[in-house]
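Heavy-atom basis, side chains included; hydrogens, waters and symmetry copies ignored. Every chain is numbered from 1 and lettered A, B, ... according to where its sequence line falls, protein lines coming before strand lines.
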Number of protein chains: 2
Amino acid sequence: MPKTKKKNGNAVDLRQTILKTALILFTSKGYFNTSVHDIKRTADISIGAVYHHFKSKEEIAKAIYAEMLEVMTKSMDEIMVQYDSTQERAKAIMRMLFDWAETNPAEMEFMLHAKHKEFMPSAIPVCSSRPLAMMREVVQTGINNGEIREMDVTLAATCLFGGMFRMINLRLDGIFKEPLPPHLEMVWDCAWKGVAR
Amino acid sequence: MPKTKKKNGNAVDLRQTILKTALILFTSKGYFNTSVHDIKRTADISIGAVYHHFKSKEEIAKAIYAEMLEVMTKSMDEIMVQYDSTQERAKAIMRMLFDWAETNPAEMEFMLHAKHKEFMPSAIPVCSSRPLAMMREVVQTGINNGEIREMDVTLAATCLFGGMFRMINLRLDGIFKEPLPPHLEMVWDCAWKGVAR
DNA sequence: GTCTATATAGTGATAGAC
DNA sequence: GTCTATCACTATATAGAC
């Protein structure tokens, strides 16, 4: 029975433990209200372990961000393959994000609600990220093929998805008390009516 | 010629200078990236002066917040008096906020974009504030009198104003490059089509 | 009411034993 | 690879002179 030095039981990948713990603290208390000592304490590990896996607190946040962006991009890609029309694609995106808000609230909070610029000045803004760009592309395609009215892409994308983003924020903040997925049809209907030709 | 001890020229109301300086720094660098020494330095006053007028850094933020909430409430009240229908009222609200985003970007940024809970844990959330409540009331009235489709108020309000809020955020972040007011008609049209009966 | 100087506490990060 | 102990620094806030 090989001995490792950790006092924790299952520290196969301490890295993931740190990321998970940090995410929870960052989203519940905020990045700046979370010290590395908080992370260490909550994860029940030493500060040396934290700094062995990440060179700084900011790097932890950046790792969370990058991982989440990758997952989102992958899901978007699948939607693009699975559906053809802008209407179907946009609705599938909305469904996916509503679902995630329920199943991965912390991740969603961190991606959609956090002010990344303030603690990860070097990271690319969410707005310029691949997933968001894909959403605009979906809308642009819709404008080109006549599914969506002629107008500025950014404006159209914002009108189409703005209500959804805000619903998610309200939900994550605990203002909206009910799970989002059952309201998909209604929110989608309002959004699509607004921009459809 | 009466002598005062300040080294600054026009420190009639140093309090306002502090608030204005703090607002700019809070919105440009973020609350946590702004130290009281930053405020002191930028406003070219002493730290003693700051702490004479405000008992803590958080109190400065709370003062900004309260002042801004009051102004917004007042403007909302005027809109309620000036217009009768939900359609007119909601559109007037949108116009007002679009205008403010251009004329008072820092104030708007602070009100709509900042994560108040993280640095003013005791302040009431924007969502529960008077102005936001009034927006929901406008929508509720619209549902009652048939201007807006039958549905959950929060949901309707979010669908109606969600696009607008997001446009403002994009604009304040510098993602959307053009002034918002000229786009009012388009955004309003999308929003209203979505929820109108 | 405004100033300078300082107390106090906690932060991000490192050193070096094991 | 994980630990403990500690550094260097910066932050908020206070004390007390003027």
cation_pi(A:Arg166, B:Phe161) dist<6.0 Å, angle<=45: no

Are A:Lys40 and A:Tyr51 in a cation-pi setup, meaning NZ or CZ lies under 6.0 angstrom from the ring centre and within 45 degrees of the ring axis? no

Interatomic distance where CD1 belongs to B:Ile18 and C1' belongs to D:dT12 [whole Å]: 15 Å

From the options C:dG12, D:dA11, C:dC3, select the nucleotide whose nearest atom is closest to the side chain of B:Ser35. D:dA11

Side-chain contact check for B:Tyr51: nearest option of C:dG12, D:dT12, D:dC3 is D:dT12

Could you tell me whether A:His53 contacts a base, only the sugar-phosphate backbone, or nothing, with contacts defined as non-hydrogen atoms closer than 4.0 Å? sugar-phosphate

Among the nucleotides D:dA5, C:dG12, C:dT4, which one has an atom lying closest to any side-chain atom of B:Ser46? C:dT4

Identify, between B:Phe32 and A:Gly48, the residue whose nearest nucleotide on DNA chain D lies closer to the 5' end. A:Gly48

Whole angstroms only, please: what is the CG-C1' distance between A:Asp38 and C:dG12? 12 Å

Taking only the side-chain heavy atoms of B:Ile47 (C-beta and beyond), determine which of C:dG12, D:dA5, D:dA13 contains the nearest atom. D:dA13

A:Glu58 CD to C:dT11 C1', in whole Å, measures 15 Å

A:His183/A:Phe98 aromatic ring centres below 6.0 Å: no

Is a donor on one side and an acceptor on the other found under 3.5 Å between the side chain of A:Tyr31 and the backbone of A:Lys115? no

What integer distance in Å separates B:Lys40:NZ from D:dT10:P? 14 Å

What nucleotide, of C:dT2, C:dT11, C:dT14, holds the atom closest to the side chain of B:His52? C:dT2

Write down the distance between CG (B:Asn33) and C1' (D:dA11), rounded to a whole number of angstrom. 13 Å

Over 60° means perpendicular and under 30° means parallel, so classify the ring planes of B:Phe26 and B:Phe110, tilted if in between. parallel

If I take atom CD1 in residue A:Ile39 and atom C1' in nucleotide D:dC3, what distance separates them, rounded to the nearest angstrom? 18 Å

In whole Å, I'd like the distance from the CD1 atom of B:Ile45 to the P atom of C:dG1. 14 Å

